[in-house]
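Okay, structure first, notes after.
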Amino acid sequence: MEAGEAAAALLFLLSAAVSLVAAVSTGAVDFTYLVTVVGEGSSSSSPGSGAWWHEAWVRVRSRAVAPALQVGVWACMVMSVMLVVEATYNSAVSVAVRLVGWRPERRFKWEPLGGAGAGDTHVYKLSIGAVCELKWPKERLIIQVLDDSTDAFIKNLVELECEDWASKGLNIKYATRSGRKGFKAGALKKGMECDYAKQCEYVAIFDADFQPEPDFLLRTVPFLVHNQNVALVQARWNFTVNDRVSLLTRVQKTFLDYHFKAEQEAGSATFAFFSFNGTAGVWRTEAINDAGGWKDRTTVEDMDLAVRATLKGWKFIYLGDLKVKSELPSTYKAYCRQQFRWSCGGANLFRKMIWDVLVAKKVSSLKKIYMLYSFFLVRRVVAPAVAFILYNFIIPVSVMIPELFLPIWGIAYIPTALLIVTAIRNPENLHTVPLWILFESVMSMHRLRAAVAGLLQLQEFNQWIVTKKVGNNALDENNETPLLQKSRKRVNLPEIGLSVFLILCASYNLVFHGKNSFYINLYLQGLAFFLLGLNCVGTLPGHCCF
């Protein structure tokens with residue numbers, strides 16, 4: 001067991017203890033209603049004053065519906081506690097790393113390399129151009145462009161772009177294949193089979209919409225050269241291409257900033273393990289081969305490789321200060337497809353890797369617990385489950401079930417705590433948090449559906465749909481759009497259905513006041529579902545400073 005792992009375990013226990021002490025000291029925790037007393041809070045009428053069907057409903061509600069829902073409430077309370085402790089732990093580690101200055105350069109050997117000055121539409125030009133400008137000796141750099149597109153016109157443009165850079169003296173290879181079997185994993189596997197690729201000790205991977213800075217290799221490769229047990233050096237994504245274009249991209253930035261600043265930072269600083277983000281990273285070729293290479297068994301081939309490499313004893317380094325410019329999905333449909341792929345693939349990989357993690361001999365018991373509990377269970381299953389079931393189903397239904405007991409610490413204090421620990425690492429996004437909360441409420445429906453599909457391996461569990469990007473066209477000052485722009489695509493029936501349900505529950509709560517008043521929250525949630533159901537996506541003019 002390494003010092004970082006022991007410290008992580010102690011910090012996790014400390015986070016749980018602090019959360020419990022805070023709850024007890026404020027009187028938030030109240031377990032006196034583990035089983036709700038049947039009939040409590042019901043509005044039974046005096047004999048003869050109500051219709052028979054109403055009395056029958058009250059009996060069924062109190063004896064069957066309320067007890068069943070109460071089980072769901074306590075299950076959600078347990079998951080909520082798991083979630084808040086995990087979030088507190090990640091944020092605490094992330095903040096501590098920054099305050100103490102526990103940078104990767106202090107934990108791993110890093111020295112400049114001697115002699116190194118130094119292995120979709122038109123978006124491809126930006127990425128190819130950025131890679132070709134990387135500072136590295138030309139005789140030691142091979143650039144491989146993997147073109148998996150199906151558009152013959154685009155393929156021709158990409159090939160011409162490669163030929164143009166080759167004429168300037170760059171060793172650039174254009175690679176394609178006849179089919180798309182395995183999608184991205186298949187393309188990467190095919191690319192690694194090329195003779196010139198087999199000669200490379202390290203491989204840097206960039207998606208077509210990523211634009212690395214010229215010093216990218218100079219800042220990443222030294223970690224691999226001087227630390228033979230390190231397999232991956234991951235950089236952070238920077239969203240300056242289109243993060244201010246719309247409200248949609250703004251809320252995406254809030255979500256992903258927390259992932260990079262808290263989750264990735266915490267995993268790297270403690271267990272030297274986190275998920276490869278699929279791009280903006282440099283791999284040691286030996287580690288890829290040792291882990292079994294690229295596999296297309298899930299839609300998260302990057303996470304799959306990272307987990308398998310970790311089980312072989314390899315370590316990862318995350319560089320939060322090294323940012324690579326990238327682009328966010330600009331439409332609601334594209335973002336939903338991306339999130340479905342990520343959520344479904346992560347849950348499915350959890351199913352496939354449980355036994356492999358348990359029997360792995362090259363990782364410590366603490367690291368196994370971290371991988372199975374924090375990395376997989378809480379983030380891939382618990383988070384989407386509690387977000388949707390509790391806030392979009394149980395709480396709305398509770399306004400019509402007065403017998404149902406909802407502990408205040410679970411429906412108010414825990415969400416507030418989650419909001420605080422998220423805001424700690426995202427102070428610059430604080431003004432978008434209210435919109436982010438509503439947007440995440442809608443996305444929880446898609447993530448839960450994806451997680452269930454992945455865990456149960458339903459028909460759509462291994463579907464791959466490319467996330468479309470628009471490049472720098474989104475920043476065109478002449479491309480102004482209204483605050484709410486309605487797409488011409490069809491309406492999204494699941495969102496519309498949930499919006500009707502939430503609005504009806506809110507209206508019931510407003511008219512028939514019960515023990516709790518949730519109608520303001522429910523109306524806002526219903527409005528969010530309704531707008532996204534009609535494909536209304538928030539957009540902003542380029543000159544807006546929001």
Side-chain angles (χ1 to χ4, degrees), residues 61 65-66 69 72-73 76 79-80 83 246-252 254-255 331-333 335-336 339-340 343 383-402 404 406 408 410-412 414-416 418-419 422 431-452 482-540:
R61 186 182 70 194
V65 179
L69 285 176
V73 169
C76 287
M79 291 190 290
S80 295
L83 196 59
S246 69
L247 295 178
L248 178 65
T249 57
R250 270 293 194 180
V251 294
Q252 290 180 62
T254 302
F255 170 75
T331 66
Y332 175 63
K333 182 178 181 181
Y335 183 63
C336 286
Q339 291 300 302
F340 185 91
S343 300
V386 70
F388 180 78
I389 296 174
L390 179 60
Y391 300 105
N392 289 323
F393 178 69
I394 289 181
I395 290 179
V397 167
S398 71
V399 303
M400 296 179 283
I401 313 292
L404 196 61
L406 297 176
I408 187 65
I411 62 174
I414 283 183
T416 302
L418 286 171
L419 180 62
T422 301
H431 59 293
T432 63
V433 166
L435 297 173
W436 170 69
I437 293 173
L438 293 174
F439 186 75
E440 286 298 297
S441 176
V442 180
M443 291 309 302
S444 67
M445 175 183 68
H446 295 282
R447 294 194 183 110
L448 178 59
R449 172 173 163 263
V452 171
L483 181 61
L484 288 177
Q485 179 187 24
K486 186 174 182 297
S487 169
R488 294 182 180 179
K489 302 294 183 180
R490 63 178 179 80
V491 297
N492 303 305
L493 294 181
E495 282 87 343
I496 295 295
L498 259 296
S499 72
V500 172
F501 167 72
L502 290 168
I503 291 174
L504 287 176
C505 291
S507 300
Y508 183 94
N509 191 212
L510 179 63
V511 175
F512 303 101
H513 292 291
K515 294 186 298 182
N516 301 304
S517 296
F518 300 125
Y519 56 87
I520 295 179
N521 305 63
L522 296 179
Y523 273 130
L524 290 174
Q525 288 176 239
L527 179 61
F529 272 94
F530 182 73
L531 292 176
L532 292 174
L534 294 180
N535 275 301
C536 290
V537 292
T539 57
L540 292 171

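Counting begins at 1 with the first residue of the sequence.
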Verdict with supporting geometry, I394 and L406, side chain to side chain contact (heavy atoms under 4.5 Å, CB included): CA-CA 9 Å; I394 289 181; L406 297 176; 4.1 Å; yes
Just do the side chain to side chain contact (heavy atoms under 4.5 Å, CB included) check on W436 and T422 with the steps written out, would you? CA-CA 11 Å; W436 170 69; T422 301; 3.8 Å; yes
List the steps, then state whether side chain to side chain contact (heavy atoms under 4.5 Å, CB included) holds for Q252 with Q339. CA-CA 11 Å; Q252 290 180 62; Q339 291 300 302; over 6 Å; no
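Minimum interatomic distance between L248 and T331 (heavy atoms only, all atoms of both residues): CD2-C, 3.4 Å. The minimum heavy-atom distance between P396 and L502, with the atom names listed, is CG-CD2, 3.5 Å. Looking at every heavy atom in both residues, A383 comes nearest to L83 through CB-CD1, 3.8 Å. Of all the heavy atoms in S80 and V386, the pair that sits closest is OG-CG2, 3.3 Å. For C76 against L390, the heavy-atom pair with the smallest separation is SG-CB, 3.9 Å. Looking at every heavy atom in both residues, L448 comes nearest to A385 through CD1-CA, 3.7 Å.
Figure legend: cation-pi geometry between R447 and F255, with NZ or CZ positioned under 6.0 Å from the six-membered ring centre and within 45° of its axis.
Within the 4.5 Å cutoff, no side-chain heavy atoms of C505 are placed close to those of F518. Side-chain contact between V491 and N535 is absent, with no heavy-atom pair separated by less than 4.5 Å. For the pair L404 and V65, the minimum side-chain heavy-atom distance is 4.5 Å or more. The side-chain heavy atoms of I437 and V433, taken from C-beta on, include a pair separated by under 4.5 Å. Contact annotation: the side chain of V500 never approaches that of F529 to less than 4.5 Å [non-hydrogen atoms, C-beta and beyond]. A 4.5 Å side-chain heavy-atom check between Y391 and P415 finds at least one atom pair inside the cut-off. Side chains of L69 and I401 form a contact here, defined as non-hydrogen atoms less than 4.5 Å apart. Here the side chains of I503 and L522 are not in contact, with every heavy-atom distance at 4.5 Å or above.
Of the possible donor and acceptor atoms, none in the side chain of N392 sits under 3.5 Å from a partner among the backbone N and O of M445. Of the possible donor and acceptor atoms, one in the side chain of T249 sits under 3.5 Å from a partner among the backbone N and O of S246. Side-chain atoms of N509 come within 3.5 Å of backbone atoms of Y519 as a donor-acceptor pair (strictly under, hydrogens ignored).
Atom SG of residue C336 and atom CG of residue L532 lie 7.5 Å apart, to the nearest 0.5 angstrom. Note: F393 CZ to S398 OG = 10.5 Å, rounded to the nearest 0.5 Å. Rounding to the nearest 0.5 Å gives a distance of 7.5 Å between CD of Q525 and CD1 of I395. The structure places CG of L498 at 11.5 Å from CG of N492, a figure rounded to the nearest 0.5 Å. For the atom pair OG of S441 and CG of L524, the computed distance is 10.0 Å after rounding to the nearest 0.5 Å. Note: M443 CE to E495 CD = 8.5 Å, rounded to the nearest 0.5 Å.
Residues F439 and Y335 bring their aromatic ring centres within 6.0 Å.
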